[in-house]
Amino acid sequence: MLRTRIREFISAAIIQLQAEGALPKFDVPDFAVESPEDSAHGDYATNVAMAVAKVAKARPAEIAGALASKLRDKKLFSSIKIVPPGFVNFQISDGSIREAFTSTLANPDEWGKSDVGKGKTAIVEYFQLNIAKRPHIGHLRSAVIGDAIKRLLQSRGYRTISDTHVGDWGTQFGILLLGCKDFFAEVGAKGAVSGRPFDFYEDIYAKENTRIVEDPQRRELAKEEFAKLERAKLKKTKGLRLDGAEKQNIEIWKNIVEQSMFALKASAERLGLLPFDEHRGESAYEQDMPTIVEDALSKGIAKKTSDRAVVVDLSADGLDEAVLLKSDGASTYLLRDLATIRYRKQQYDFWKNIYVVDVRQSHHFKQVFRVAELLGFEGVWESRHIEFGFMTLPEGPMSTRKGTAVSLGGLVAEAWKRANDIILEKNPHLEGRATIAQQVGVGALKYFDLSHHRRSDIVFRWEEALSFDGNAGPYLQYTHARLKSILRKAAELTRNSDAELMRNFSAGVTLDDVEHRLLVAALRLPEAIEDALADFAPNLLANYLYNLAKLANEFYHSHPVIQEQDESKREVRLALVTGTALTLARGLNLLGIAAPEEM
């Protein structure tokens with residue numbers, strides 16, 4: 001990376017000045033090397049002089065001048081300027097960026113990749129769907145943010161393990177079991193479940209909830225149904241015999257899980273998510289939880305309350321009571337998450353254990369991590385909650401109860417329809433229109449989310465998501481398609497091989513301002529990836545790609561490529577188009593977005 005090379009040169013210059021006695025001895029302080037928004041300030045700028053001045057008790061301008069004198073002989077730079085009160089601005093030489101760009105074109109499959117994470121495992125949990133409930137628009141953020149983080153980690157060489165951590169356990173299944181058993185007793189058949197499982201189970205759940213409101217005693221019956229299920233699960237793991245009611249409950253539950261998982265996997269495929277490595281449900285940890293409770297009690301970390309619940313008092317940490325077991329003996333999300341941390345550390349010895357879950361669960365994860373710390377669990381310090389804000393509709397928050405939650409399947413279908421209508425209007429004879437409309441529609445949904453910081457609350461609007469102008473997925477995809485169109489036309493007119501193209505580019509003419517800026521911007525892809533992973537913020541990569549697309553369109557409208565009469569200039573511009581298209585495609589792929597070659 002150019003930025004890395006600049007950092008190394010600056011650090012070496014500081015050490016050299018110290019060796020010469022021009023600076024006192026101290027550890028090189030943290031400093032930033034950034035890309036200025038205004039290109040008039042150079043390709044890169046640093047605040048290193050001000051950081052060093054604080055330690056050396058000197059004027060920033062003097063430090064900047066001393067550093068510049070040590071860096072001006074480096075071939076990487078064509079100019080170095082000092083800007084008050086002590087910023088140092090760098091212009092990268094055309095020769096240096098030609099060399100870097102030529103290397104990129106020579107190894108296109110490796111562009112944007114590194115092995116910095118080699119030998120390290122990262123767990124990424126996202127798209128936490130619930131059994132017997134269809135995914136809705138509220139699940140979109142976890143899905144696309146988590147998928148992008150997984151792709152980014154893979155690009156840096158990390159071994160990644162993704163898990164949906166399916167919600168297949170809890171007292172809500174007692175309500176569902178009670179409703180199902182009443183329905184089956186009345187109807188006498190289970191055939192009604194087949195075909196559309198979510199419709200069936202959501203209807204059963206809603207009706208049973210209504211009965212519970214009318215007759216509160218049924219809630220106790222529902223709790224008992226789940227208790228039977230928990231007993232059945234534990235007995236099976238121990239090889240013990242189940243009674244009739246337990247057999248019935250576990251059979252119904254298994255059918256619900258199997259039918260739901262088939263539909264849920266289809267939802268992930270429609271969104272174009274990478275295949276998950278695990279769909280490990282909460283129920284998988286049932287046999288691990290009793291030992292955690294026993295350990296917490298024996299160490300005096302947890303206590304039993306008067307109503308027989310098991311809790312950990314975290315009031316000293318400002319986190320209230322963390323409940324491990326409810327008064328009826330049912331396990332909690334917190335206990336299951338504790339078991340999850342222990343399983344993952346033992347199974348994968350992870351470097352990072354990441355939970356992509358909305359901001360409402362921040363308190364929950366603080367409790368989980370604190371209890372895990374008190375219990376002495378390995379991996380707690382490497383576990384992190386990657387929180388994200390709410391997505392709402394223009395008319396207000398989405399709610400399943402109010403009927404304002406749009407199903408994820410319905411959202412994807414609507415995105416395809418709208419994208420197809422736009423493409424029909426813009427390019428009615430486009431081959432493969434249905435596939436491209438799917439790519440554009442899903443890409444619009446993903447980019448709309450990923451272009452915002454994950455912590456931001458966002459309002460979803462179709463007109464913004466599907467815009468072919470401005471900061472939207474279709475705009476980036478169209479820019480890529482436009483560049484690929486230039487290359488297809490050029491291939492029909494020239495016989496030069498890719499090797500000849502690179503050779504001509506390497507020895508080519510002087511770059512003008514727009515060509516220079518586009519070339520430097522394209523070479524910043526690895527930096528954008530690094531920045532996005534620093535705080536697990538894919539919007540930094542999305543914003544980088546948008547700025548690159550804007551530059552590419554500025555170049556497209558001001559610089560003839562195929563029509564350029566000067567052959568050397570034409571070759572340079574074709575190489576520039578090739579590298580920019582490659583960078584856009586690679587960057588979009590890291591966000592989980594397709595890059596169509598025609599639109």
Side-chain angles (χ1 to χ4, degrees), residues 137 140-141 143-145 147-148 151 270-273 391 393-394 406 408 410-453 456 458-488 518 521-522 525 528 538-557 577 580-599:
I137 190 174
L140 183 67
R141 298 214 72 185
V144 301
I145 294 170
D147 187 63
R151 292 169 184 266
R270 278 195 295 271
L271 271 179
L273 305 182
M391 178 183 284
L393 300 171
V406 180
L408 196 55
L411 183 72
V412 172
E414 181 67 15
W416 176 88
K417 178 183 178 301
R418 289 176 181 252
N420 189 57
D421 289 345
I422 294 171
I423 292 172
L424 264 176
E425 180 183 340
K426 291 181 176 288
N427 190 358
H429 304 297
L430 178 66
E431 291 185 18
R433 188 182 69 246
T435 298
I436 294 171
Q438 177 75 5
Q439 293 173 337
V440 172
V442 172
L445 295 176
K446 290 184 174 184
Y447 187 84
F448 183 84
D449 189 321
L450 295 172
S451 62
H452 296 82
H453 192 284
S456 300
I458 56 180
V459 180
F460 181 80
R461 294 184 175 90
W462 283 112
E463 62 273 18
E464 294 179 17
L466 280 166
S467 174
F468 275 66
D469 299 301
N471 194 6
Y475 173 73
L476 273 67
Q477 290 173 312
Y478 184 63
T479 301
H480 173 264
R482 174 179 272 177
L483 297 176
K484 296 298 285 188
S485 175
I486 293 174
L487 296 175
R488 283 194 300 274
L518 180 57
L525 174 64
N539 68 295
L540 297 178
L541 175 59
N543 294 340
Y544 159 78
L545 293 173
Y546 170 56
N547 289 323
L548 179 63
K550 284 197 298 182
L551 260 177
N553 279 293
E554 180 184 347
F555 168 82
Y556 176 87
H557 289 296
V577 169
T580 304
L582 170 65
T583 302
L584 282 171
R586 186 57 47 81
L588 285 170
N589 177 264
L590 290 172
L591 296 179
I593 298 172
E597 302 215 345
E598 292 185 81
M599 279 178 65

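If you're wondering where the values come from, they're calculated on a predicted model, not measured in any experiment. Residues: numbered from 1 along the sequence shown.
Atom CZ in Arg586 sits 8.0 Å away from atom CG in Leu525 (nearest 0.5 Å). Here the straight-line distance linking atom CD1 of Ile422 with atom CG of Leu466 works out to 4.5 Å at 0.5 Å rounding. In this structure, CD1 in Ile436 is found 12.5 Å from CH2 in Trp416, a value given to the nearest 0.5 Å. Note that CG of Asp147 is 10.5 Å distant from CG of Leu590, once rounded to the nearest 0.5 Å. Interatomic distance, Thr580 OG1 to Arg482 CZ, rounded to the nearest 0.5 Å: 13.5 Å. Going from atom CG of Asn589 over to atom CG of Leu584 covers 12.5 Å, rounded to the nearest 0.5 Å.
Judged by distance alone, the side chain of Lys446 and the main-chain N or O of Leu271 form a donor-acceptor pair under 3.5 Å. The backbone N or O of Asn539 lies less than 3.5 Å from no partner atom in the side chain of His452, so there is not a single donor-acceptor pair. Gln477 places no side-chain N or O within 3.5 Å of a backbone atom of Pro596 that could act as its donor or acceptor partner. For the pair Arg488 (side chain) and Glu597 (backbone), a donor-acceptor distance under 3.5 Å is present.
Taking the side chain as every heavy atom from C-beta outward, Ile486 and Tyr556 approach each other to under 4.5 Å. Using a 4.5 Å cut-off on side-chain heavy atoms (C-beta onward), Trp462 and Leu445 make contact. The closest side-chain heavy-atom distance from Met599 to Ile423 is not below 4.5 Å. Between Phe468 and Lys426 there is a side-chain heavy-atom pair separated by less than 4.5 Å.
Screening Leu450, Leu548, Asn471 for a side chain to side chain contact (heavy atoms under 4.5 Å, CB included) with Asn543, the sole residue that qualifies is Asn471.
Between Pro538 and Leu591, the shortest heavy-atom contact is O-CD2, 4.0 Å. In terms of heavy-atom proximity, Asp449 sits nearest to Ile458 at CA-CD1, 4.2 Å. In terms of heavy atoms, Leu430 sits closest to Glu598 at CD1-CB, 3.9 Å. Among all heavy-atom pairs drawn from Ala437 and Ala419, the shortest one is O-CB, 3.4 Å. Val442 approaches Arg270 most closely through the heavy-atom pair CG2-O, 3.8 Å. The two atoms that bring Arg433 and Asn420 nearest to each other are NE-OD1, 3.0 Å, heavy atoms only.
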Step-by-step side-chain contact (heavy atoms from CB on, under 4.5 Å) determination, Tyr478 to Asn553: CA-CA 10 Å; Tyr478 184 63; Asn553 279 293; 5.9 Å; no

Audit row: Lys417, Asp421, side-chain contact (heavy atoms from CB on, under 4.5 Å) steps and yes/no: CA-CA 6 Å; Lys417 178 183 178 301; Asp421 289 345; 3.3 Å; yes

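Ion pairing between Glu554 and Lys550 fails under the 4.0 Å rule for side-chain N and carboxylate O.
Residue Glu463 places its CD atom among more than 12 non-hydrogen atoms of other residues, nucleotides or ligands, all under 6.0 Å distant. Under a cut-off of 6.0 angstrom, the local environment of OH in Tyr475 is crowded, with over 12 non-hydrogen atoms contributed by other residues, nucleotides or ligands.
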